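Presented below is the structure to which this report refers.
Note that the coordinates shown come from a computational prediction; the quantities given were computed from them, not determined experimentally. As a basis for the values below, the full set of heavy atoms in this structure was taken, side chains included, without hydrogen atoms, waters or symmetry mates. Proteins come first, then strands; the chains are lettered A, B, ... in the order of their sequence lines, and each starts at number 1.
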There are 2 protein chains.
Amino acid sequence: MTAGDTPEAIDRTLRVIGDRWSILIVRAALRGIRRFDDFCDDLGIARPILTQRLRRLVSNGVMIKVPYQEHPLRHEYRLTDAGIALSPVLVALVRWSEEHADGTPSPTALVHAPCGTELEQAFWCRRCRTTFGPAAIRGVERAAGDVGSSKDVPDGSPAH
Amino acid sequence: MTAGDTPEAIDRTLRVIGDRWSILIVRAALRGIRRFDDFCDDLGIARPILTQRLRRLVSNGVMIKVPYQEHPLRHEYRLTDAGIALSPVLVALVRWSEEHADGTPSPTALVHAPCGTELEQAFWCRRCRTTFGPAAIRGVERAAGDVGSSKDVPDGSPAH
DNA sequence: ACTCTGGGTTCTGTTTCAGAACTCACTCGT
DNA sequence: ACGAGTGAGTTCTGAAACAGAACCCAGAGT
């Protein structure tokens with residue numbers, strides 16, 4: 001690998017949510033689904049796999065299992081903060097799907113709640129107070145010794 | 001699936017890039033890697049899988065295979081615009097990895113090229129000219145007939 | 001007692017993943 | 001002209017992951 005990039009960290013993440021279902025489960029959870037059978041119905045996922053995925057998500061801190069009633073003791077699954085923090089990933093994925101994988105835009109648009117305008121996703125520089133696209137990204141070494149080695153990112157592609 | 005929403009589109013996308021390798025391949029490509037063996041070495045991916053993944057990425061328009069020399073006819077793989085457009089997904093993933101999956105921040109920081117400040121990723125409303133977080137997202141029906149049913153996305157805050 | 005509901009587990013295939021080792025076309029140095 | 005080297009793959013093989021029916025079990029409702 002080119003010196004010190006991090007396939008490790010991202011790789012570990014992909015081991016948690018990098019399968020066909022986990023992200024869809026998180027998505028469903030963001031839509032308010034909490035119960036085993038509802039996940040099943042909503043996603044059309046096989047039960048054994050759902051069991052397994054939920055367990056994995058829970059053990060990785062993406063979701064928690066909380067009882068919602070005693071007696072016929074029942075649990076539901078909710079996103080933790082870490083789980084909610086996945087929404088940028090999801091949004092990025094959904095938008096990419098709409099724009100590049102698919103002709104048909106999804107029937108559900110994501111909007112800025114206060115004003116109802118369809119949202120965009122952008123990179124943001126807090127110093128310049130500006131948004132920008134992929135072309136303006138650069139990767140730099142963060143480690144102690146040598147700072148400044150910039151070596152990420154593509155050529156072309158105008159920002160949006 | 002419960003009417004309306006689009007597991008289909010996102011599902012199709014996940015079939016393309018929803019495995020442990022595809023995203024890492026795109027990431028490597030964004031770092032400038034183009035050749036078969038370089039992907040191999042960089043990622044530590046098994047060759048047959050790389051072959052398959054590249055083929056799939058090409059056939060789905062994420063990458064293209066272009067000859068970079070005749071004679072010993074050789075090809076390299078480059079991202080298309082659609083491929084470059086995946087960078088928000090990647091960035092979101094990397095940032096989540098750093099913040100939630102891992103203690104150690106990655107050695108490579110992503111910065112805003114012009115000024116060198118570490119970038120953030122945010123949702124952006126062009127009407128309000130403001131950035132905001134997941135809590136301010138709402139999903140609304142886009143289709144003709146029944147508009148108004150809003151039912152996506154996080155209700156303020158599940159767990160905690 | 002008997003059926004329903006929620007939340008699972010078992011069992012049995014079928015794809016997909018992964019890795020070593022091999023191939024093949026071509027070029028280069030000698 | 002001959003062996004070594006390269007780039008880009010294939011073929012085998014075994015290990016996981018996925019998928020679907022069917023089964024289980026504790027309580028509750030009737």
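A salt bridge is defined here as a Lys NZ or Arg NE, NH1 or NH2 lying under 4.0 Å from an Asp or Glu carboxylate O, and A/R34 with A/D38 fails to meet this definition.
A straight line from CD of A/Q69 to P of C/dT5 spans 14 Å, rounded to a whole angstrom. One can place CZ of A/R20 at 15 Å from C1' of C/dC17, the figure rounded to the nearest angstrom. Rounded to whole angstrom, the span from the CE atom of B/M63 across to the P atom of D/dA8 amounts to 12 Å. A straight line from NE2 of B/H71 to C1' of C/dC28 spans 14 Å, rounded to a whole angstrom. Remark: C1' of C/dA25 and NE2 of B/H75 are 12 Å apart, rounded to the nearest angstrom. Whole-Å rounding puts the B/L54 CG to D/dG9 P distance at 8 Å. One can place CZ of B/R15 at 8 Å from P of D/dA19, the figure rounded to the nearest angstrom. When the P atom of D/dG9 is taken as reference, atom CD1 of B/I45 falls 13 Å away, rounded to whole Å.
Between A/F132 and A/I137 there is a side-chain heavy-atom pair separated by less than 4.5 Å.
Residue A/F39 is out of contact with every strand shown, counting any heavy-atom pair closer than 4.0 Å. Within the 4.0 angstrom heavy-atom criterion, only backbone atoms of the sugar-phosphate kind lie near A/R55; the bases stay farther away.
The neighbour count for A/E70 CD, taken as heavy atoms of other residues, nucleotides or ligands under 6.0 Å away, does not exceed 12.
Counting atom types as modelled, A/R74 pairs no side-chain N or O with a base atom of C/dG7 as donor and acceptor under 3.5 Å. If you check distances only, the side chain of B/R35 never reaches the base of D/dG7 with a donor-acceptor pair under 3.5 Å.
Distances from the side chain of A/D37 to the nucleotides C/dT10, C/dG7, D/dT10 place C/dG7 closest. Comparing C/dT9, C/dG6, D/dC18 by their closest approach to the side chain of A/Q52 singles out D/dC18.
Sorted by first then second residue, the salt bridge (charged side-chain N to carboxylate O under 4.0 Å, His left out) pairs that include residues 54-64 of chain B, not counting sequence neighbours, are B/D19-B/R56.
Both A/D19 and A/R47 lie close to DNA chain D; mapped to their nearest nucleotides by heavy-atom distance, the more 5′-ward contact belongs to A/D19. Residue order along DNA chain D, read from the 5' end via each residue's closest nucleotide, puts A/I49 first among A/I49 and A/L73.
Using a 4.0 Å cut-off, some side-chain N or O of A/K65 falls inside it from OP1 or OP2 of C/dG8. For the OP1/OP2 pair of C/dA18 and a distance below 4.0 Å, the side-chain nitrogens and oxygens of B/W21 include at least one atom meeting the criterion. Regarding contacts with the backbone of C/dT9, a side-chain N or O of A/T51 is found under 4.0 angstrom from either OP1 or OP2. Taking only side-chain nitrogens and oxygens, A/Y77 never comes nearer than 4.0 Å to OP1 or OP2 of C/dG6. One finds no side-chain N or O of A/R53 lying less than 4.0 angstrom from the OP1 or OP2 phosphate oxygen of D/dA17.
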Taking distance alone, no hydrogens or angles, what donor-acceptor pairs closer than 3.5 Å link side-chain atoms of residues 116-127 of chain B to residues at least two apart or in another chain?
from	atom 1	to	atom 2	distance (Å)
B/T117	OG1	A/R127	NE	3.3
B/E118	OE1	A/R142	NH1	3.4
B/E118	OE2	A/R142	NH1	2.8
B/E120	OE1	A/R126	NH2	3.3
B/E120	OE2	A/R126	NE	2.7
B/E120	OE2	A/R126	NH2	2.8
B/Q121	OE1	B/A92	N	3.4
B/Q121	NE2	B/P88	O	3.1
B/R126	NE	A/E120	OE2	2.7
B/R126	NH2	A/E120	OE1	3.3
B/R126	NH2	A/E120	OE2	2.8
B/R127	NE	A/T117	OG1	3.3

field: Candidate pair A/E76 and A/R74, rule salt bridge (charged side-chain N to carboxylate O under 4.0 Å, His left out), full reasoning
entry: CA-CA 7 Å; A/E76 62 183 16; A/R74 297 272 184 271; over 6 Å; no

